[in-house]
Amino acid sequence: MKALVVITGRGLGGDAVIAYNVISGLEAEGVQCELALDESAPGILFKKKGYAWHKISIPQAGGHAATKLSSIKAAFRMFTATFKVRRLINKLDVDFVVGIIGGGAIVASVGAKLSGKSCACICCTPLDMKVCPKFNHCIILPEYHLFREKNLPENLSKTNYPLNDDVDSGNPEIALEKLKEIPLFDENKKTILFSSGSSLFKGMIETVSNFSNYTDEYNLLLVGHPLHDEYMDLIDQDKIIYLGFVDWLNHLYKFIDLAVLTDDGVMVAELTACRIPIVTITHVKWGRYHNMAANFEGAILESSIGDANENITKAFENYDSLKENANKYSGELLATKANLAKKIIDICGK
């Protein structure tokens, strides 16, 4: 079997991680995957993994941050883009199509319909959920509110985030050796990881900065590329260990004591799978709120930026309970990639 996987975004953030894990899961089931990204996407993750891709047009409205104006503009570009995808589908003669989030999902849905091919889409934004279910089966990620519904229409199902195979196999000693090279790191202190994903948002910098002024009891690690260059000036590197982009996260996950994350994205699932207690900071990304704590009940404490100091302290006070509850979800999360690949094949084979 051969599939075309149409991927939104730049090929380097959370959408790319989800897409890569969908692809590797399908390949493990014997599916040959062709990749398509927007012509402007650098595709850094896929390049590192040794994949080539087809360059097409994948308009984006801004995901959860989409406005009415950006959605209208994307809709006009989408019309041309879907016909380009149809030509690619016919040229490659694939058996089915998979769309990954936002514009990638929408282009895949409409292009597959025009080509008479089966399609399954991974969805989590208001716009892809408005469009894609009209054309094919959609699999909802935890960010979207319908994920918490028990009864869904026949053309909708849900999945946790598919995770890397090595996410739970890191070596804490490797992380320790790397951190010991940093003068500010103290191996006698507990360590907290702060992150808003591949992009570092101002709200997460504010959160770690406030906590660094609240106590010096912990090693405070901050990861991600600043969304704007000027954000670097907000990071006090005399108190905060800024790591930037980290390609040894699986080792870091096995070393840290607590994670402070935004309430969205694959890192919440990754760290829950690694049995690490989490504090999620709400409304950091464009004011969005996803209630991720409800998906992993008892393993996550939810907080605003203003209450983060108290809730991080509370997490350590209730550490054993949070860790025990995270352990309940770990096995299911680690099995998600294989189960999702089988689900997609089953959907597209109907």
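Residue numbers start at 1 and run along the sequence shown.
Residue A52 comes nearest to L35 through the heavy atom pair O-CB, 4.0 Å, listed as atom of the first residue, atom of the second, then distance. The heavy-atom pair separating L45 from V17 by the smallest distance is CD2-N, 3.7 Å. Smallest separation of non-hydrogen atoms from N311 and E302: ND2-O, 3.9 Å. In this structure, A259 and L271 approach most closely via the heavy-atom pair CB-CD1, 3.6 Å.
Within 6.0 Å of NZ on K134 lie no more than 12 heavy atoms contributed by other residues, nucleotides or ligands. A 6.0 Å sphere centred on CD of E29 holds more than 12 heavy atoms belonging to other residues, nucleotides or ligands.
Residues L184 and D238 form no side-chain contact, since every pair of their non-hydrogen atoms from C-beta on lies 4.5 Å or further apart. For the pair S304/H283, no side-chain contact is recorded, criterion being any heavy-atom separation below 4.5 Å from C-beta on.
Between Y51 and F46, the ring-plane angle classifies as perpendicular under the 30° and 60° cut-offs. Ring geometry, F255 versus F185: the interplanar angle falls from 30° to 60°, so the pair is classed tilted. Ring geometry, Y231 versus H228: the interplanar angle exceeds 60°, so the pair is classed perpendicular (tilted spans 30 to 60°).
A salt bridge between K189 and D257 is absent, with no side-chain N of the basic residue lying under 4.0 Å from a carboxylate O of the acidic one. In this structure, E317 does not pair ionically with K314, as no charged nitrogen and carboxylate oxygen lie closer than 4.0 Å. A salt bridge links K337 with D165: at least one charged nitrogen is closer than 4.0 Å to a carboxylate oxygen. With respect to the salt-bridge test (charged N to carboxylate O, under 4.0 angstrom), the residues D168 and K254 qualify. Salt bridge annotation for D264-R288: present, with a cationic side-chain nitrogen under 4.0 angstrom from a carboxylate oxygen.
Geometrically, K49 engages Y20 in a cation-pi contact, judged by NZ or CZ lying under 6.0 Å from the ring centre and within 45° of the ring axis. In this structure, K158 is positioned above the aromatic face of F147, its NZ or CZ under 6.0 Å from the six-membered ring centre and within 45° of the axis.
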Exercise for review: For side-chain hydrogen bond (donor to acceptor under 3.5 Å, both in side chains), just list the numbers for N327 and S330, CA-CA rounded to whole Å, side-chain angles, deciding distance to a tenth of an Å, and then say yes or no.
Suggested key: CA-CA 5 Å; N327 188 57; S330 180; 5.3 Å; no
Review point. Going through the checks in order, is the side-chain hydrogen bond (donor to acceptor under 3.5 Å, both in side chains) test met by E310 and Y214?
Key: CA-CA 10 Å; E310 291 76 14; Y214 177 73; 5.2 Å; no
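In this structure, CD1 in I281 is found 8.0 Å from CZ in F194, a value given to the nearest 0.5 Å. Taking OG1 of T215 as the start and CD1 of I312 as the end, the distance is 10.5 Å to the nearest 0.5 Å.
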